[in-house]
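Following: one structure in structure tokens, then a few remarks.
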2 protein chains.
Amino acid sequence: MRASDRAYAALRDDIIEWRLRPGTVLAEVEQSERLGISRTPLREALSRLTAEGLTTTAGSRGVVVTDISLEDIDELFELRETLEGKAAALAAERGDAAVFLQLQGELLEAPALISAADPARHDYYELVGRLDSAIDAAISNSYLAQAMRSLRVHLVRVRRLAADDHARLTAAAAEHAAIAEAIAAGNPRLAQAATTMHLHRSLSHVKATHKPH
Amino acid sequence: MRASDRAYAALRDDIIEWRLRPGTVLAEVEQSERLGISRTPLREALSRLTAEGLTTTAGSRGVVVTDISLEDIDELFELRETLEGKAAALAAERGDAAVFLQLQGELLEAPALISAADPARHDYYELVGRLDSAIDAAISNSYLAQAMRSLRVHLVRVRRLAADDHARLTAAAAEHAAIAEAIAAGNPRLAQAATTMHLHRSLSHVKATHKPH
DNA sequence: ACGGGGATTTCTGTATACACTGATTGCGAC
DNA sequence: GTCGCAATCAGTGTATACAGAAATCCCCGT
């Protein structure tokens, strides 16, 4: 694996997990020494982060970690509702019903995953990730898929702001199951509506349990 | 201006104007010598182009200019309809009516710009660009605006494929005027419908007059 | 004591040298 | 003649050295 890839992954994780707080300046020499690489691959990693919107170049002060305010979260979910609603509708039109029926079944069993002794909810998020991937594959639109991928980076960051308690995750699993069911049924409008419902409830939950950093 | 910025702008223009055809490999040493800069800033330019989707890294063969097929154009317009439809609706809800009334008036006079002896239709495209900027400003959603900006790069490239004849541009100006009118009237659903109409006609025209390269 | 100017230092931006990987070509053997 | 292996070469990935700019700090003057 290339050094620039490792630097990108490390910095990306540090930002997403809020170990690098918004406003932190990422000086090239400092970070290259911390990660044990040279400045050249680090610069490439920083450009990629900036292209994704996780950092911005603040004049000649180097790059700084971007902030996410409550207004940003509103904007983020506005775009997310647009993109994922359309994606769910397209998946209902073009997707393979069997795949989403299978996912619906797994999602209905998801509460077992959440109540397990996995504090990071790894299995649960992996299942949700599989639903996202299935939708990506079903829509067969690389531009839309790319737009959603670039959004999800910011959403993972927002998710860390909220308290993902057991009750919310159980409800979210049911909402995801409803989306999968609508897609499997080949009903675009229902799939879009289920997505809208899920995102609105997610947004409400995030804003209600927002822990200021 | 930085050398990497100049390299980025030069390569971006070369790709958009189809001087660099899809499939062309952009070898680092070759391009850095052609542009009179070193490899370091050129690599930064290439990463930016790759992040935008204008190029892709093809294994160890360096980066190659991405292709745009007819299926890509369908996907592109599918996403464009989603994003610009939502943007028009939001602009109708949040925008300043006076701004869009003014733009509507100018767009109704646009045929005069098109029939002038400007083969590049510079004034006309500048006016359309002002409408895009006004919508960007009105929606006050940086994520959505960013997503549309990254799309427009590809759209300019597609536009070069079509024969932008006088008749189509005149009709397009009227369609743009209709969008501006709906936004000025504060009617989100009408604004979205007008956008859908315009994009469908644009897509039909592109596919009808497509010049294979 | 406060303000301004200059010098120093620390940063980014660029160039270049080096290393390593992967491909291509040529030579030899079957 | 063809297949295989090896050697060379081209080209990317990385490190480092240098230059230029900007910010900060210190010193001097008022």
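Proteins come first, then strands; the chains are lettered A, B, ... in the order of their sequence lines, and each starts at number 1.
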Discussion item. Nearest to the side chain of Val29(A), heavy atoms from C-beta on, is which of dC11(C), dA15(C), dA15(D)?
Written reply: dC11(C)

Worksheet entry | d(CD1, Ile37(B); P, dT16(C)) in whole Å | 12 Å

Fill in: All pairs passing salt bridge (Lys or Arg N to Asp or Glu O under 4.0 Å) where residues 47-63 of chain B contributes a residue, at least two apart
Asp5(B)-Arg48(B)

Response to the item:
Residue set satisfying side-chain contact (heavy atoms from CB on, under 4.5 Å) with Arg94(B), at least two apart, ordered chain then number -> Glu78(A), Leu90(B), Ser140(B)

Worksheet item: Is any side-chain N of the basic residue among Lys207(A) and Asp74(A) closer than 4.0 Å to the acidic one's carboxylate O?
Response: yes

Practice prompt. Output all residues satisfying side-chain hydrogen bond (donor to acceptor under 3.5 Å, both in side chains) with Thr55(B), sequence neighbours left out; order by chain, then residue number.
Written response: Thr50(B)

Worksheet item: By a strict heavy-atom criterion of less than 4.0 Å, which residues belonging to residues 39-47 of chain A are in contact with DNA chain D?
Response: Arg39(A), Thr40(A), Pro41(A)

Worksheet entry | salt bridge (charged side-chain N to carboxylate O under 4.0 Å, His left out) against Glu17(B), all qualifying residues, sequence neighbours excluded | Arg160(B)

Worksheet item: Side chain of Thr66(B), backbone of Leu54(B): donor and acceptor closer than 3.5 Å?
Response: yes

Worksheet entry | Residues which pass side-chain contact (heavy atoms from CB on, under 4.5 Å) with Glu75(A), listed by chain and number, not counting sequence neighbours | Asp72(A), Asn141(B), Ser142(B), Tyr143(B)

Worksheet entry | Non-neighbouring partners of Ser204(B) that pass side-chain contact (heavy atoms from CB on, under 4.5 Å), sequence neighbours left out | none

Discussion item. Once side-chain contact (heavy atoms from CB on, under 4.5 Å) is applied, do any residues pair with Thr82(B), and if so which ones, sequence neighbours excluded?
Written reply: Thr82(A), Lys86(A)

All N/O pairs under 3.5 Å across the protein-nucleotides 21-23 of chain C interface:
none

Response to the item:
To the nearest angstrom, the CD-P distance between Glu28(A) and dT16(D) comes to 15 Å

Fill in: Separation of dA15(D) C1' from Glu33(A) CD (nearest whole Å)
13 Å

Response to the item:
Ordered by number, residues from residues 2-14 of chain B within less than 4.0 Å of DNA chain C (heavy atoms) are Arg2(B), Ala3(B), Ser4(B)

Practice prompt. Check the distance between dG13(C)'s P and Met1(B)'s CE and give it to me in whole angstrom.
Written response: 14 Å

Fill in: Contacts of type side-chain hydrogen bond (donor to acceptor under 3.5 Å, both in side chains), residue Gln102(B), not counting sequence neighbours
Glu106(B)

Worksheet item: How close or far is atom C1' of dT12(D) from atom CG of Leu26(B), stated in whole angstroms?
Response: 14 Å

Discussion item. His205(A): which residues meet the ring pair (Phe, Tyr, Trp, His ring centres under 6.0 Å) condition with it, sequence neighbours left out?
Written reply: none

